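Every chain is numbered from 1 and lettered A, B, ... according to where its sequence line falls, protein lines coming before strand lines. Quick caveat: nothing in here was measured; it's all calculated off a predicted structure.
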Amino acid sequence: MQPADYEHLTPAQAIAYQHELRKQIQIKPLETPINTIAGADISYNKYEETVYAGIVLFSYPDLKIVGNANAISRTSFPYISGLLAFREVPALLEAWEKLEIKPDVLVLDGQGIAHERRLGIATHFGLIMNVPTIGSAKSRLTGKYEEPDNEPLAQSAMYDKGELIGIALRSKRNCNPIYISPGHNISMQQSVDIIKHCIRGYRIPEPTRQAHLLVNQVRLANSAKPGNQYDLFT
DNA sequence: GCGACAG
DNA sequence: ATCTTGTCGC
């Protein structure tokens, strides 16, 4: 199955594919040193099929931006809870290929294994590209947990069907927690440690935060440009 | 059947 | 996800 073909899948076929991919998930310590990390995100205008994907590369652990890439693509696969990867991975892959230097770890905006079939977008991307990934989501998809204390970096484990699938992290006081889970080829502990290191005064960790800012700029710069099929004042 | 439901 | 000003709280 190729990402370019995702848009032809029915939801039932997409779920069947997730059951296949699930057999290959590897949640284990990343043994090689981490010298770079990157954040990836998608932006788009509601009701439009154009999607703006972007990735921002940072040095690690100092977290200096050292590169970025973006891609303007299209998708007809709708947003369906649990099937986010089929909508966003194809475009992210285009941006990934344009990235001059590949990061040692990639942080995606969404779940890793904290997913009903353990196939959040971070796990999906990591699996098909064979790259260590971490999922950092702004809201919960599945899993039970106790609310973490209202204290910076307070955390609480998330469980699903008796399995530890992620942790709810209070990245900033008085803010809702973010949900961290390993994607692929990395451990739960490393995922949490790395994300904590990437919290720099904001609720969202730097890699994902910067990627979000990038894709929004790309979208605003392009969706307002003459020549676009949507700027015609009909 | 009912409620939940990443972005 | 995106649309949007003010506004409440630290």
| Can we call the ring centroids of A:His184 and A:Phe125 under 6.0 Å apart? |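 Ring centroids of A:His184 and A:Phe125 are no less than 6.0 Å from each other.
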| Quick check, are the ring centers of A:Phe77 and A:His8 under 6.0 angstrom apart? |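 Not close enough - the centres of the two rings lie 6.0 Å or further apart.
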Under 3.5 Å donor-acceptor, [X] side chain and [Y] backbone:
{"X": "A:Ser59", "Y": "A:Asp62", "value": "no"}
{"X": "A:Ser171", "Y": "A:Arg203", "value": "yes"}
{"X": "A:Ser181", "Y": "A:Gly112", "value": "yes"}
{"X": "A:Arg170", "Y": "A:Cys175", "value": "yes"}
{"X": "A:Ser156", "Y": "A:Glu146", "value": "yes"}
{"X": "A:Arg22", "Y": "A:Arg118", "value": "no"}
{"X": "A:Asn150", "Y": "A:Asn174", "value": "yes"}

| said: Give me the atom names and distance for the closest heavy-atom approach of A:Val131 to A:Pro103. | reply: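 Heavy atoms only, the tightest pair is CG2-O, 4.4 Å.
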d([atom1], [X]; [atom2], [N]) in whole Å:
{"X": "A:Tyr202", "N": "C:dC10", "atom1": "OH", "atom2": "P", "value": "20 Å"}
{"X": "A:Glu49", "N": "C:dA1", "atom1": "CD", "atom2": "C1'", "value": "15 Å"}
{"X": "A:Tyr44", "N": "C:dA1", "atom1": "OH", "atom2": "P", "value": "8 Å"}
{"X": "A:Lys46", "N": "C:dA1", "atom1": "NZ", "atom2": "P", "value": "12 Å"}
{"X": "A:Tyr79", "N": "C:dA1", "atom1": "OH", "atom2": "P", "value": "10 Å"}

| message | Does the Lys NZ or Arg CZ of A:Arg74 fall within the cation-pi geometry relative to A:Tyr44 - under 6.0 Å from the ring centre and within 45° of the axis? | response |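 No; the conditions do not both hold, so A:Arg74 does not lie above the ring face of A:Tyr44.
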| request: Flag this pair as yes if the NZ/CZ of A:Arg209 is under 6.0 angstrom from the six-membered ring centre of A:Tyr202 and inside a 45 degree cone about the axis; otherwise no. | output: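 Pair A:Arg209/A:Tyr202 counts as cation-pi.
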| field | Involving DNA chain C, stems made of at least three consecutive Watson-Crick or G-U pairs, both distances under 3.5 Å | value |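 The stems that DNA chain C takes part in number none, since no run reaches 3 pairs.
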| message | Treating primed atoms plus P, OP1 and OP2 as sugar-phosphate and everything else as base, which nucleotides of nucleotides 3-8 of chain C get B, S or - for protein heavy atoms under 4.0 Å? | response | S-----
| Sugar-phosphate only, base, or nothing, as touched by A:Leu83 at under 4.0 Å among non-hydrogen atoms |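 Base, at least one base atom sits under 4.0 Å.
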| said: Please classify the nucleic acid contact of A:His212 as base, sugar-phosphate, or nothing, using heavy-atom distances under 4.0 Å. | reply: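 The residue A:His212 makes sugar-phosphate contact but no base contact.
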| said: At a heavy-atom distance below 4.0 Å, what parts of residues 127-146 of chain A sit against DNA chain B? | reply: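 When residues 127-146 of chain A is checked for heavy atoms under 4.0 Å from DNA chain B, the hits, listed by number, are A:Ala137, A:Lys138, A:Ser139, A:Arg140, A:Leu141.
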| So, A:Glu7 versus A:Ser76: side-chain donor-acceptor pair below 3.5 Å or not? |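 There is such a pair between these side chains.
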| query | Do we see a donor-acceptor contact under 3.5 Å between the side chains of A:Asn70 and A:Lys98? | reply |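 No - no donor-acceptor pair under 3.5 Å links their side chains.
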| said: Which is more 5' along DNA chain C, the nucleotide nearest A:Arg173 or the one nearest A:Ile42? Just name the residue. | reply: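 In this pair, the answer is A:Ile42.
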| said: Below 4.0 Å from chain A heavy atoms, what is the first contacting nucleotide of DNA chain B and what is the last? | reply: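 Both ends considered, the range comes out as B:dA4 to B:dG7.
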| request: List for me each residue that meets salt bridge (Lys or Arg N to Asp or Glu O under 4.0 Å) alongside A:Glu151, sequence neighbours excluded, and say none if there are none. | output: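 So A:Glu151 forms a salt bridge (Lys or Arg N to Asp or Glu O under 4.0 Å) with A:Arg173.
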| Which ranges of DNA chain B pair up as stems, where a stem means three or more consecutive Watson-Crick or G-U pairs with both distances under 3.5 Å? |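 None - DNA chain B has no stem of 3 or more consecutive pairs.
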| field | A:Lys102, NZ: over 12 other non-hydrogen atoms inside 6.0 angstrom | value |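 Yes, NZ of A:Lys102 has more than 12 neighbouring heavy atoms, counting only those of other groups under 6.0 Å.
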